[in-house]
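Please read the structure below before turning to the comments.
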Amino acid sequence: MGNQYRLELEGTEYFIDLLLYHRGLQCLIAVELKITEFRPEYAGKMNFYLSLLNEQVRKPHEQPSIGIIVGSSKQRTVVEFALRDVNKPTGVATYTLTNTLPTELRVFFPSNEELLRRLEAVSAALRAPNG
C-alpha cells in the first residue's frame, strides 16, 4: 500500500516504513525496517502502529493488522520478553547483507546492461521535445 505510510493521531504524524496488504489473509501488514539489533521499544512502537491501523485504516470485513519488525539481529529472549504481553500478532526477523544477488532471484531482475539500456531510453525520452 505504500512506504513511509502516514498515520496521524491528535495532530502528530507517524510513518510506518512499509504497509502491505495480504490478499489471502485479508489484513494489513506493517513492516518496520531497523538497521540495528532488535530493541524492546520497537515492540511498543509496532503495537501502537497496529492499534492505529486497526482503528483508522482497517475495513470492517478485514482481519486485524499484523506487524513485522526486521532488524540486523535479535536475541531470542529479549524478543520473547518484549512481545510477551502484546496481544497483536507481531514477528521479529533478521536480514543479511550481501554484495551479490542470489542466483535464484536473478531471473526477476534485469541485468546491469539491461538496466543501463532502460535508463538511457528513459533519459532520451525525457530529453525529447514533446510533439
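Residue numbers run from 1 in the order of the sequence given. Values below: all heavy atoms of this structure, side chains included; hydrogens, waters and symmetry mates excluded.
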Quiz prompt | Derivation and outcome, salt bridge (Lys or Arg N to Asp or Glu O under 4.0 Å), residues E8 and R6 | solution = CA-CA 7 Å; E8 184 179 331; R6 182 183 169 277; 2.4 Å; yes
Practice problem: Give a yes or no answer on whether the side chain of D17 reaches the backbone of Q4 with a donor-acceptor pair at less than 3.5 Å. | Solution: no
Quiz item: Are F81 and V79 connected in a single hydrophobic cluster, I mean Ile/Leu/Val/Met/Phe/Trp/Tyr linked by side-chain heavy atoms less than 4.5 Å apart?
Solution: no
Quiz item: Does any N or O in the side chain of N54 come within less than 3.5 Å of the main-chain N or O of S65, such that one atom is a donor and the other an acceptor?
Solution: yes
Show every donor-acceptor pair shorter than 3.5 Å between a side-chain atom in residues 34-43 and any protein atom, with sequence neighbours excluded, or say none if there are none.
residue	atom	partner	partner atom	Å
K34	NZ	E32	OE1	3.4
T36	OG1	Y42	OH	2.7

Quiz item: CE of M1 to CD1 of I29: how many Å apart, nearest 0.5 Å?
Solution: 11.5 Å
Quiz item: How far apart are the C-alpha atoms of Q63 and L25, what are their side-chain angles, what is the distance that settles it, and do they pass the side chain to side chain contact (heavy atoms under 4.5 Å, CB included) test?
Solution: CA-CA 7 Å; Q63 300 299 315; L25 296 176; 5.7 Å; no
Exercise. Step by step, work out the side chain to side chain contact (heavy atoms under 4.5 Å, CB included) result for I66 and L28.
Key: CA-CA 6 Å; I66 295 172; L28 298 164; over 6 Å; no
Quiz item: Quick one: are L116 and E113 in side-chain contact, heavy atoms under 4.5 Å?
Solution: no
Exercise. Answer yes when E62 and K59 have at least one side-chain N-carboxylate O distance shorter than 4.0 Å, and no when they do not.
Key: no
Quiz item: Which pairs, with at least one residue in residues 43-80 and sequence neighbours excluded, count as a ring-ring contact (aromatic ring centres under 6.0 Å, His included)?
Solution: Y14-F48
Quiz item: For R76, does the CZ atom have more than 12 heavy-atom neighbours from other residues, nucleotides or ligands under 6.0 Å away?
Solution: no
Quiz prompt | Residues E114, R118: salt bridge by 4.0 Å N-O rule | solution = yes
Quiz item: Are the side chains of R106 and P102 in touch, meaning some heavy atoms are under 4.5 Å apart?
Solution: no
Exercise. Show your working on side chain to side chain contact (heavy atoms under 4.5 Å, CB included) between E55 and L52 and close with a plain yes or no.
Key: CA-CA 5 Å; E55 181 69 26; L52 277 178; 5.8 Å; no
Self-check item: Gap separating the CG atom of L53 from the CD1 atom of I16, nearest 0.5 angstrom
Solution: 4.0 Å
Quiz item: Restricting to pairs with a member in residues 94-128, which pass ring-ring contact (aromatic ring centres under 6.0 Å, His included), not counting sequence neighbours?
Solution: none
Practice problem: Can you measure from CG (L33) to OG (S72) and round to the nearest 0.5 angstrom? | Solution: 12.0 Å
Self-check item: Full working for side chain to side chain contact (heavy atoms under 4.5 Å, CB included) between Q56 and L7
Solution: CA-CA 8 Å; Q56 296 180 356; L7 294 169; 4.0 Å; yes
